Amino acid sequence: MTKSIRAGLRGRDMLCLADFRPAEIMEMIVLAAGLKEGHPKVDSLLAGKTIGLVFHKASTRTRISFEVAMLQLGGHSLFMSGGETQLGRGESIADTGRVLSRYLDGIVVRTFAQADVEELARWADVPVINGLTDLTHPCQVLADLLTVYERKGRLAGLKLAYVGDGNNMAHSLLIGGAKVGMRVAVATPDAYRPDPAVVEKAFQAAREGGGAVEVLEDPAAAVRDADVVVTDVWASMGCEEEQDLRAGVFPPYQINRRLTAGARPDFLFLHCLPVHRGEEVTADIIDGPHSVVWDEAENRLHAQKALLALLLAGGEL
Ligand code: CP
Ligand code: NVA
């Protein structure tokens with residue numbers, strides 16, 4: 001079973017978690033947990049292979065963890081700031097995808113429009129991995145699920161509450177959490193609800209994975225009895241000019257001691273980082289005993305090693 005799931009992942013793109021079956025997502029998480037423990041040995045699995053990182057937005061974790069992941073798998077990576085390539089001067093995504101496929105074994109892209117990552121994947125002959133778009137952040141959510149799995153020993157049946165902006169993190173948690181059988185509750189201000197098309201995909205994911213999805217406005221209702229509490233910045237990359245406007249709307253959605261009093265006593269706090277302490281979360285929560293954000297950041301490395309191993313060498317594992 002595992003062998004056929006792994007073989008079936010070879011050559012695929014990672015554009016959105018909705019594109020994967022629940023068993024495939026669990027395979028990525030279980031393999032990542034194994035790689036973190038040192039099994040199986042993968043030091044030269046991707047020897048001679050190179051991935052390109054094409055980034056149109058800033059990054060600390062995604063860039064570094066992908067670069068280190070490739071090194072630890074015996075391969076190489078090349079970083080290309082989008083503006084410094086011919087893409088920045090108007091060369092088409094289609095032509096770029098076809099050319100890069102002649103040199104590279106995989107491409108990680110961080111950009112604005114989900115459609116641009118999809119367009120690249122359409123033209124590239126090698127796996128394309130979404131390193132964050134305005135709509136989704138699937139690699140982060142793989143790491144988040146791994147973090148919960150290693151702390152709680154399971155995912156199905158746990159309640160995950162996301163409180164804040166209905167952004168890329170909300171979207172990928174809705175889909176990814178529902179796929180692995182979690183009960184995902186998202187609370188946002190009315191004007192910042194998750195994209196209805198993504199919510200529809202999350203309901204579909206819940207039907208497939210046995211999870212449940214709730215989209216709410218009341219943060220206390222979302223957090224009630226939650227096993228996992230998650231938030232993210234109020235103004236994502238690309239929305240910086242809305243920072244002041246949003247700072248006036250989002251304070252009732254801050255994760256603090258009062259709000260988390262309604263969560264389960266052993267709740268975990270997750271945040272993809274970077275964080276604005278005192279805005280979306282208070283320092284006593286993110287730096288307190290429930291927070292697992294440093295493990296979560298480390299797990300980007302393990303989750304992406306599993307992802308690269310599966311997409312670039314699936315059957316050989
Ligand atoms: N969480 C995350 O994706 O961080 P970076 O923006 O630093 O890559
Ligand atoms: N929602 C945030 C995530 C950063 C990792 C953003 O898109 O800026």
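Just follow the structure's listing: the first ligand is 1, and inside any ligand the first atom is 1. Residues take their numbers from the sequence shown, with the count starting at 1. Only a predicted model underlies this, so the values are computations on that prediction, with no experimental measurement involved.
Looking at D232 next to ligand 2, an N or O pair under 3.5 Å apart turns up. Any N or O atom pair closer than 3.5 Å counts here, and L132 shares no such pair with ligand 2. Any N or O atom pair closer than 3.5 Å counts here, and R110 shares no such pair with ligand 2.
The protein heavy-atom contact nearest to atom 7 (O) of ligand 2 is N168 ND2, 2.8 Å.
Here H290 and F267 bring their ring centres to under 6.0 angstrom of each other.
Near T60, meaning under 4.0 Å from any of its heavy atoms, are these atoms of ligand 1: 5 (P), 7 (O), 8 (O). Every atom of ligand 1 is numbered from 1 in the order shown, and the set under 4.0 Å from a heavy atom of L273 is 1 (N), 2 (C), 4 (O). Within ligand 1, the atoms closer than 4.0 Å to a non-hydrogen atom of R300 are 1 (N), 2 (C), 3 (O), numbered from 1 in the order shown.
The closest approach between D165 and ligand 2 stays at or above 4.0 Å for every heavy atom of the residue. Proximity of K57 to ligand 1 is not established, as no heavy-atom distance is less than 4.0 Å.
Within a 6.0 Å sphere centred on CG of D244, heavy atoms belonging to other residues, nucleotides or ligands number 12 at most.
Grouping Ile, Leu, Val, Met, Phe, Trp and Tyr by side-chain contacts under 4.5 Å, direct or through others, puts M237 with L132.
In this structure F250 satisfies the ring-ring contact (aromatic ring centres under 6.0 Å, His included) test together with Y192, W234, sequence neighbours excluded.
Looking at A58, S236, A235, C239 and measuring to atom 6 (C) of ligand 2, the nearest heavy atom belongs to S236.
Of all the heavy atoms of T62, none lies under 4.0 Å from any atom of ligand 2, so neither backbone nor side chain is involved.
The side-chain tip of K57 points at the ring of F112 from less than 6.0 angstrom away and within 45° of straight on.
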